[in-house]
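Encoded as structure tokens, the structure appears first; notes follow it.
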Amino acid sequence: MAHILITSGPTRQYLDPVRYLTNASSGRMGVALAEAALAAGHQVTIVSGPVAVNYPAAARVVDVVSTEDMLAASAEIFPACQGLIGVAAPCDYRPELVASQKIQKTGEPLVLYLHETPDVVATLGSQKAPSQWVVGFALETEDARFRAIVKAEKKHCDMIVLNGPEAMHAAQTRVEVLTHHGESAGTFEGSKESAAREIFRVINQRLVQPREVQP
Ligand code: C5P
């Protein structure tokens with residue numbers, strides 16, 4: 001049995017107490033991957049941004065709001081885990097200034113100065129022990145395979161799951177699992193739930209089980 005960390009859902013970067021920037025993500029893939037990992041007998045901890053979906057009761061869920069919170073919570077949990085599945089869509093930008101009161105409208109354009117937030121998968125990937133593994137996701141609209149492989153390298157991922165843009169806001173998806181060498185480990189099409197089961201089957205076979213073999 002392995003302990004697996006899953007980051008899931010979007011994060012929020014507040015501009016003021018009521019307005020925020022976010023990414024489009026329902027958390028459905030996170031739910032389905034957690035169910036597949038639990039069904040295979042593993043222990044699952046999910047660090048999730050605000051979502052409306054329900055995670056499986058057998059998983060431990062740590063709720064976070066911002067990308068910085070997601071990184072802090074994940075960094076604390078990751079050392080005790082065998083691997084990380086980074087399926088979250090953390091918001092990549094934060095406003096330089098966060099107003100403590102609601103920003104009032106003036107009739108003039110509001111200029112936002114944005115900084116990049118830390119990358120959760122890249123940070124944990126750079127800290128992983130030789131016995132640990134990291135799986136990232138990539139959604140690309142052009143040169144998809146090439147860009148996904150570059151992303152896997154940059155973020156220290158052992159495997160990367162390539163999504164087509166048609167997966168956003170859709171029940172159906174088409175994904176390709178790539179190793180960090182760029183080798184295809186399978187293409188899966190269908191509901192997000194069935195794709196997640198197939199993705200986890202590959203993770204289990206190629207990353208989890210080889211580490212569980214006793215010397
Ligand atoms: O760079 P991009 O957002 O396309 O990369 C997607 C992968 O990186 C996903 O696995 C996502 O969970 C992760 N990511 C992250 N922290 C960010 C941005 C992306 O962990 N700030």
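Computed from a predicted model, the values in this text were never measured in an experiment. Along the sequence shown, the residues carry numbers beginning at 1. Both counts, for ligands and for their atoms, begin at 1 and track the order of listing.
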Any side-chain donor near an acceptor of the partner, Glu189 and Gln172, under 3.5 Å: no
Pairs meeting criterion salt bridge (Lys or Arg N to Asp or Glu O under 4.0 Å) with involvement of residues 13-22, two or more places apart: Asp16-Arg19
Residues that Tyr20 engages under ring-ring contact (aromatic ring centres under 6.0 Å, His included), provided they are two or more places apart: Tyr14
Within 6.0 angstrom of Glu153 CD, more than 12 heavy atoms from elsewhere: no
Output, or 'none' if empty, a list of ligand 1-protein atom pairs in which both atoms are N or O and the distance is under 3.5 Å, rounded to 0.1 Å.
residue  : atom   : partner : partner atom : Å
ligand 1 : 1 (O)  : Lys151  : NZ           : 3.4
ligand 1 : 1 (O)  : Lys155  : NZ           : 2.9
ligand 1 : 4 (O)  : Lys151  : NZ           : 2.5
ligand 1 : 5 (O)  : Lys155  : NZ           : 2.8
ligand 1 : 8 (O)  : Lys155  : NZ           : 2.9
ligand 1 : 10 (O) : Gly86   : O            : 2.5
ligand 1 : 10 (O) : Phe137  : N            : 2.8
ligand 1 : 10 (O) : Phe137  : O            : 3.4
ligand 1 : 12 (O) : Gly86   : O            : 3.1
ligand 1 : 12 (O) : Ala88   : O            : 2.6
ligand 1 : 16 (N) : Val120  : N            : 3.0
ligand 1 : 20 (O) : Val120  : N            : 3.3
ligand 1 : 20 (O) : Val121  : N            : 2.9
ligand 1 : 21 (N) : Pro118  : O            : 3.0

Partners meeting side chain to side chain contact (heavy atoms under 4.5 Å, CB included) with Val98 (sequence neighbours left out): none
Side chain proximity check, Leu71 to Ser66, heavy atoms < 4.5 angstrom: no
